[in-house]
Q: 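Dropping a structure here in structure tokens format, bear with me for questions.
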Amino acid sequence: MKGIALCGFMGCGKTTVALALSEKYNLNHIDTDKYIEEKSGMTISKMFELYGEAYFRDKEFEAICTLCENSDNVLALGGGAVLFPRNVEVLKNSGYKLIFIDTDFDVIKNRLESDNSRPLLKTNDIKTLYDTRYPIYENACDIKLSCKDETGEQLADIIIETIAKEG
Ligand code: S3P
């Protein structure tokens, strides 16, 4: 199995699905945000606050480049990663299949309602951000997975079946 990279809006369930994929299919999973936090010794929120978004995006690119040296991980990408063509290019050139976790907007909105950990939600209207990004996720992905109330495990099964079918 080649690498799988999960993309999609904040709160769509990338981390949950990555965990389910790793548990059920014995794949190594890495959350790029957690990886960046561990390497830098600070939270993403703090990084935005101290150094700004552009600095975080550089760290995100560096992390993706490093993680792509191994092409059979499951990567849960940050919600903004595929907005930057350099990230998509590295992922695809390394053989990763990009899966868009296309969760219903209402579900996402509910999940993020009382979230204080995501800096972009403090300065942006969530619906505007979602609408702007949606076509970019669609365009970047190899497979779009429409989801509403499936469990992480069910989505993991669908991903594995779809990849097996599509090759
Ligand atoms: C971001 C999403 C976050 C994190 C950062 C920026 C974005 O990840 O990378 O706050 O631009 O959508 P999650 O999608 O895991 O929340």
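Both ligands and their constituent atoms are indexed starting at 1 by order of listing. Starting from 1, each residue takes its place in the sequence as its number.
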Q: Just need the protein heavy atom nearest to atom 7 (C) of ligand 1, so name the residue and atom and give the distance.
A: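 Closest protein heavy atom to atom 7 (C) of ligand 1: Gly80 N, 3.2 Å.
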Q: Side chain or backbone, does Glu60 bring an N or O within less than 3.5 Å of an N or O on ligand 1?
A: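 No: no nitrogen or oxygen of Glu60 is under 3.5 Å from one in ligand 1.
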Q: Would you mind telling me if ligand 1 is within reach of the side chain of Glu53, the backbone, both or neither, using heavy atoms under 4.0 Å?
A: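 For Glu53, no heavy atom sits under 4.0 Å from ligand 1.
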Q: Look at atom 4 (C) of ligand 1 and find which of Thr15, Asp33, Asn124 reaches it with the closest heavy atom.
A: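 That would be Asp33.
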Q: What residue and atom, counting heavy atoms only, is the protein's closest point to atom 12 (O) of ligand 1, and at what distance?
A: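 Atom 12 (O) of ligand 1 sits closest to the protein heavy atom Arg133 NH1, 2.6 Å.
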Q: Would you call Lys2 and Asp72 a salt bridge, using N to O less than 4.0 angstrom?
A: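 Salt bridge absent between Lys2 and Asp72.
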Q: Tell me the contacting part of Asp31 for ligand 1: side chain, backbone, both, or neither, using a 4.0 Å heavy-atom threshold, strictly below.
A: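 No part of Asp31 comes within reach of ligand 1.
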Q: Could you check Leu77 against Leu98 for side-chain contact (heavy atoms from CB on, under 4.5 Å), going step by step and ending with a plain yes or no?
A: CA-CA 10 Å; Leu77 300 169; Leu98 264 171; 3.8 Å; yes
Q: Under 4.5 Å between side-chain heavy atoms, hopping through other hydrophobics if needed: is there a path connecting Phe100 to Leu75?
A: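 Phe100 clusters together with Leu75.
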Q: Show me which atoms of ligand 1 lie under 4.0 Å from any heavy atom of Leu120.
A: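 Those of ligand 1 that fall under 4.0 Å from Leu120 are 7 (C), 11 (O).
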Q: Can you run down the ring-ring contact (aromatic ring centres under 6.0 Å, His included) pairs that involve residues 18-37, sequence neighbours left out, and say none if there aren't any?
A: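 Every pair satisfying ring-ring contact (aromatic ring centres under 6.0 Å, His included) with a residue in residues 18-37: there are none.
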Q: Considering only NZ, NE, NH1 and NH2 on the basic side and carboxylate oxygens on the acidic side, decide whether Arg57 and Glu53 come within less than 4.0 Å.
A: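 Judged by the 4.0 Å cut-off on N to carboxylate O distance, Arg57 and Glu53 do form a salt bridge.
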Q: What are the atoms of ligand 1, with element, lying closer than 4.0 Å to any heavy atom of Lys14?
A: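 What qualifies from ligand 1 is 13 (P), 14 (O).
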Q: Could you measure the distance from the OG1 atom of Thr16 to the CG atom of Leu6? Nearest 0.5 Å is fine.
A: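 Rounded to the nearest 0.5 Å, the OG1-CG separation comes to 10.0 Å.
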Q: Counting heavy atoms only, name the option from Met10, Arg118, Arg57, Lys59 that's nearest to atom 6 (C) of ligand 1.
A: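 Comparing heavy atoms across Met10, Arg118, Arg57, Lys59, the nearest one to atom 6 (C) of ligand 1 lies in Arg57.
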Q: Report the residues that fulfil side-chain hydrogen bond (donor to acceptor under 3.5 Å, both in side chains) with Ser117, sequence neighbours left out, ordered by chain and then residue number.
A: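 side-chain hydrogen bond (donor to acceptor under 3.5 Å, both in side chains) list for Ser117, sorted by chain: Asp115.
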Q: Side chain or backbone, does Pro119 bring an N or O within less than 3.5 Å of an N or O on ligand 1?
A: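 Looking only at distances, the answer is no, because the N/O contact criterion of under 3.5 Å is not met.
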Q: Can Lys92 and Asp142 be counted as an ion pair, charged N to O under 4.0 angstrom?
A: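 Looking at Lys92 and Asp142, the cut-off is met.
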Q: Looking only at N/O atoms, are Gly79 and ligand 1 under 3.5 Å apart anywhere?
A: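 Min N/O separation from ligand 1 is below 3.5 Å for Gly79.
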